Amino acid sequence: MASNVVFSNIVVVLWLCSILVMTPAESRRRALEAPQELAQKFSRNPETLSLASTDYGHIVYKTPWAVFEPSSIVDIATLISFSNSLPIPFTIATRGRGHSVLGQTMTRDGVVLNMTHLNDHFTDINNASVSAFSITCLPLGFCYADAGGEQLWTDLLSVTLKLGLTPHALTNYLYLTIGGTISNAGISGRTFRVGPQISNVLELDVITGKGEFVTCSPLINSELFYAVLGGLGQFGVITRARIPLGPAPKRLFWLHLLYTNFTTFSRDQEYLISLNDTIAPDFVDGQVLLSNQDQPDLSSYSTSDQPRVTSLIKQYGIVYVLELVKYYDNNSQSRVEQEVENLVKGLNFLPKFRFKKNASYEEFIDRVHAAELYALRPRGLWDVPHPWLNMFVPSSRIVDFNEGVFKGIILKQNISPGTCLVYPMKRNKWDGRMSAVIPDEDVFYSVNLFHYVSASYNVKDYEAQNQKILEFCKDAGIKIKEYLAGNKTHQQWVEHFGSKWKLFEERKLEFDPKRILSPGQGIFQ
Ligand code: FAD
């Protein structure tokens with residue numbers, strides 16, 4: 001009797017050991033034993049693996065064991081369920097367009113789920129074929145789009161604009177996937193008015209980390225809905241998003257107003273976003289031009305104006321550009337022109353440095369892509385490392401931030417800054433139930449340091465500068481929140497989420513208990 005007990009204990013211990021010593025290699029071997037219909041969708045082609053081993057940042061490199069190329073949503077659910085069924089599941093890194101900058105779409109030895117492969121193969125969970133986008137307009141004129149999570153915003157727009165419609169919230173750059181930006185926030189100079197993209201989603205289809213297909217919205221399965229918005233890919237794979245649409249503007253007045261005094265500049269920005277919607281601009285952005293920028297972006301000024309903008313930058317070292325946009329249509333042009341004049345009258349920019357353009361909506365929303373094609377790619381500045389730093393800075397400390405960071409660190413250092421943006425937004429446009437984290441103030445600024453590494457500099461210098469900026473904010477008690485963050489330790493992530501951490505952790509346990517999804521964020525691994 002006693003020896004039987006000893007024997008069965010030994011069997012249990014041996015079984016446990018066999019699980020515990022299972023290596024990633026063993027896990028991969030089991031992946032090879034996946035059902036035939038799944039196994040044939042793993043690609044181990046060196047070129048495919050190499051593409052999935054990097055991202056837009058070109059700073060982090062991790063080679064996955066395989067890339068999974070789904071041709072339906074069922075494939076994604078089967079993949080995740082299969083991983084869950086293994087004693088040691090393999091990790092699955094969902095990849096949209098890979099426009100992250102710090103390895104967020106990568107997994108070492110796991111499987112990269114290539115969402116864009118679905119583009120030509122979109123089928124719903126019941127395998128009924130549906131097109132990538134469907135547009136619905138209800139009788140009272142309320143319209144929305146249903147779009148695959150793998151779709152690019154620019155492709156959605158090419159469908160909606162033909163119908164005279166547009167999503168309310170767009171990013172500055174549109175060659176990003178819907179699932180990718182919704183996993184972060186999706187912001188621009190329009191966020192102060194309409195909120196980030198994650199505040200502009202009506203419903204989602206998500207395949208959770210348990211492999212379950214769930215439709216969620218503020219009314220059904222709302223816990224998953226809010227978890228996924230800004231959820232950094234941690235809780236599920238977004239396969240469909242329902243996005244509200246409104247009438248697309250036809251044309252717009254686009255102004256660039258220059259300042260040499262930051263306090264005046266930021267006061268004017270905050271004044272503009274405080275106005276009620278009928279008179280407020282439709283878009284408010286801000287750019288910082290610095291004398292140590294190798295190639296400051298002067299594309300918004302005519303070639304005849306560029307020399308005097310350049311000499312202003314040389315004279316002051318730092319110049320702030322307030323960008324203001326007001327939409328109009330055929331019937332409202334003269335009225336809106338007058339409204340713009342009224343708006344500008346109340347501002348304190350340098351009177352001789354006011355530039356006005358009249359542009360189409362399409363030209364405006366495609367401006368970053370145009371810069372990609374005609375300025376950055378030809379100069380070899382697109383496919384280089386991008387040591388970006390993006391932050392949300394509370395309004396009460398933005399002047400200290402300017403002194404300490406723009407003037408005190410970036411301007412003083414001997415490395416060329418990339419494009420620097422700074423513009424305010426409002427907390428009340430963000431829903432606190434979403435996973436995204438923002439500062440605890442009614443108004444806060446998005447500060448984007450879009451660095452690129454050209455031949456004369458190296459990544460390490462920018463990384464050291466970014467670190468110095470974060471340390472400065474910490475020491476000065478400026479309670480920033482990073483946006484598009486990466487490369488953090490577990491403890492740093494806990495601090496990042498702050499009071500939301502407990503909820504974030506509980507949601508992970510509920511929707512992806514085996515911690516399979518998006519390991520490249522480094523939050524739970
Ligand atoms: P990826 O980088 O592929 O993925 C991002 C994260 O989301 C990863 O963790 C991934 O695992 C997860 N993920 C991807 N797809 C899904 C899905 N379907 N379901 C669940 N999780 C998923 N951001 C802004 O807010 N505003 C801007 O104006 C802006 N401009 C940009 C301009 C450029 C040139 C670049 C490179 C980036 C810009 N970004 C901007 C940042 C951008 O929003 C993020 O980098 C976003 O992650 C990129 O989208 P992607 O489709 O390439 O996602």
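It should be emphasised that the depicted structure is a prediction, and the values quoted were computed from it without experimental measurement. Every number for a ligand or one of its atoms is a count from 1 in the order of the listing. Start at 1 with the first residue, then count along the sequence. The figures here come from the full heavy-atom set of this structure, side chains too, leaving out hydrogens, waters and symmetry mates.
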Name all pairs fulfilling the ring pair (Phe, Tyr, Trp, His ring centres under 6.0 Å) condition that reach into residues 174-206, sequence neighbours left out, sorted by first residue then second.
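Sorted result for residues 174-206: Y173-Y175, Y175-H369.
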
Are R507 and F504 in a cation-pi setup, meaning NZ or CZ lies under 6.0 angstrom from the ring centre and within 45 degrees of the ring axis?
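No, R507 does not lie over the aromatic ring of F504.
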
Using a 4.0 Å cutoff against the non-hydrogen atoms of [X], which atoms of ligand 1 qualify?
X    : answer
T105 : 1 (P), 2 (O), 3 (O), 4 (O), 8 (C)
Q521 : 8 (C), 9 (O)
V237 : 19 (N), 20 (C)
W382 : 34 (C)
G233 : 21 (N)
L232 : 9 (O)
T171 : 24 (C), 25 (O), 26 (N), 27 (C), 28 (O)

On a heavy-atom basis, I'd like to know which of [options] is closest to [atom].
atom                    : options               : result
atom 37 (C) of ligand 1 : W153, W388, F235, Y56 : W388
atom 28 (O) of ligand 1 : D55, N172, L113       : N172
atom 32 (C) of ligand 1 : Y175, F450, Y173      : Y173
atom 14 (C) of ligand 1 : S100, G180, G103      : G180

Between [X] and [Y], does any side-chain N to carboxylate O distance fall below 4.0 Å?
X    : Y    : result
R242 : D146 : yes
E505 : K508 : no
K488 : E482 : yes

If the contact criterion is a heavy-atom separation under 4.0 Å, does G186 count as touching ligand 1?
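Judged by the 4.0 Å heavy-atom criterion, G186 does count as contacting ligand 1.
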
Does G98 come within less than 4.0 angstrom of ligand 1, counting non-hydrogen atoms of the residue?
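Yes.
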
[atom] - nearest protein heavy atom and its distance:
atom                    : value
atom 51 (O) of ligand 1 : T177 OG1, 2.5 Å
atom 52 (O) of ligand 1 : H99 N, 2.8 Å
atom 39 (N) of ligand 1 : L176 CD1, 3.8 Å
atom 26 (N) of ligand 1 : I187 O, 2.8 Å
atom 16 (C) of ligand 1 : T94 CG2, 3.5 Å

For the atom pair CG (L232) and CD1 (I523), what is the distance rounded to the nearest 0.5 Å?
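Going from the CG atom of L232 to the CD1 atom of I523 covers 4.5 Å.
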
Between R95 and ligand 1, is there a nitrogen or oxygen pair with a distance under 3.5 Å?
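Such a contact does not occur with ligand 1.
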
Do any nitrogen or oxygen atoms of T181 come within less than 3.5 Å of a nitrogen or oxygen of ligand 1?
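No, no N or O pair falls under 3.5 Å.
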
Under 4.0 Å from ligand 1, counting heavy atoms only, is it the side chain of S183, its backbone, both or neither?
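For S183, the contact with ligand 1 is made by the side chain alone.
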
Should F401 and V422 be marked as a side chain to side chain contact (heavy atoms under 4.5 Å, CB included) after you check the CA-CA gap, both sets of side-chain angles, and the distance that decides it?
CA-CA 11 Å; F401 184 92; V422 51; over 6 Å; no

Picking from T239, V228, V237, what satisfies side-chain contact (heavy atoms from CB on, under 4.5 Å) with V206?
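Testing V206 for a side-chain contact (heavy atoms from CB on, under 4.5 Å) against T239, V228, V237 leaves exactly one candidate, V228.
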
Got a sec: does the CG of D442 have more than 12 other heavy atoms crowding it under 6.0 Å?
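Atom CG in D442 is not crowded, with 12 or fewer foreign heavy atoms closer than 6.0 Å.
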
